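Because the structure is predicted, anything quoted here is derived from the model rather than measured.
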Amino acid sequence: HVQLVESGGNSVQAGGSLRLSCTFSGVTFKKYYMGWFRQAPGKARDGIARIGSDGSTRIEYDSLKGRFTISSDNAKNVMYLQMNNLKPEDSAMYYCVLHEDHFLLGVGFRLPHYWGQGTQVTVS
């Protein structure tokens, strides 16, 4: 079965950088999509980035473009989220997700099927 394990969350000062990793296993679909959601206290889970098994990528918000980059190394079964110039509003629990089909980013849409346990990012 599919397993997703995030790592790389930490507490950093504003302007700092972090790279989140998601190690995945048990994926047998020929085509799939992975991504990152984040959830701050009292807020809904928000899809911020997506990458397809074909390498196609999307960063959802203009405020993240140029700061966040999603990538993957399928040979190593790892997906990454590089986050630069972090801001306090980026503080949240970050979740790795995987879905057999294309899924929408943002808030309020059907959530992807598979989720990791989350990794905390705190920016002060």
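Here the CZ atom belonging to R67 is positioned 11.5 Å from the CG atom belonging to D62, to the nearest 0.5 angstrom. Remark: T119 OG1 to L18 CG distance equals 8.5 Å, nearest 0.5 Å. Atom CG of D101 and atom NE2 of H113 lie 11.5 Å apart (nearest 0.5 Å). Annotation: the span from Q120 atom CD to N10 atom CG amounts to 10.5 Å, rounded to 0.5 Å. In this structure, CG in N84 is found 12.0 Å from CG in L64, a value given to the nearest 0.5 Å. A distance of 11.5 Å separates CD1 in I51 from CG in L98, rounded to the nearest 0.5 Å.
For H99 and Y33, the distance between ring centers is not under 6.0 angstrom.
No continuous path of ILVMFWY side-chain contacts below 4.5 Å connects V97 to V121, so the two sit in separate hydrophobic clusters. In the hydrophobic clustering of ILVMFWY residues, with side-chain heavy atoms under 4.5 Å counting as a link, I59 and Y95 come out apart. Put simply, M83 and M93 are part of two different groups of oily side chains (I, L, V, M, F, W, Y) that touch within less than 4.5 Å, one to the next. Residues I48 and L111 fall into different hydrophobic clusters, defined by Ile, Leu, Val, Met, Phe, Trp and Tyr side chains chained together at heavy-atom separations under 4.5 Å. By the criterion of side-chain heavy atoms lying less than 4.5 angstrom apart, applied directly or through intervening Ile, Leu, Val, Met, Phe, Trp or Tyr residues, L4 is not grouped with V78; the two fall into different hydrophobic clusters.
Taking a 6.0 Å sphere around CD of Q13, one finds it holds 12 or fewer heavy atoms contributed by other residues, nucleotides or ligands.
In this structure, S17 and N85 approach most closely via the heavy-atom pair OG-N, 4.1 Å. V123 and S91 make their closest contact through N-OG, 2.8 Å (heavy atoms, listed as atom of the first residue, atom of the second, distance). Taking both residues in full, the closest heavy atoms of L105 and A49 are given as CD2-O, 3.6 Å, listed atom of the first, atom of the second, then distance. Nearest heavy-atom pair across V5 and Q117 is CA-OE1, 3.8 Å.
Checked by atom type and distance alone, the side chain of E6 pairs as donor or acceptor with a backbone atom of G118 at under 3.5 Å.
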Residues F24, Y32; criterion side-chain contact (heavy atoms from CB on, under 4.5 Å); working and verdict: CA-CA 12 Å; F24 57 96; Y32 56 88; 3.8 Å; yes
Residue pair F68, L86: steps toward the side-chain contact (heavy atoms from CB on, under 4.5 Å) verdict: CA-CA 9 Å; F68 286 21; L86 283 161; 4.0 Å; yes
Check against side-chain contact (heavy atoms from CB on, under 4.5 Å), M34 and C22: CA-CA 10 Å; M34 297 188 70; C22 173; 4.0 Å; yes
Intermediate values then yes/no, side-chain contact (heavy atoms from CB on, under 4.5 Å), T69 and Y80: CA-CA 8 Å; T69 303; Y80 303 101; over 6 Å; no
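Within the structure, every pair that satisfies the side chain to side chain donor-acceptor pair (under 3.5 Å) test and touches residues 51-61, not counting sequence neighbours, is listed here: D46-Y61, D54-S56, R58-E60. Residue pairs satisfying the side chain to side chain donor-acceptor pair (under 3.5 Å) criterion with at least one member in residues 35-45, sequence neighbours excluded, are listed as follows: R38-D90, R38-Y94, Q39-R45.
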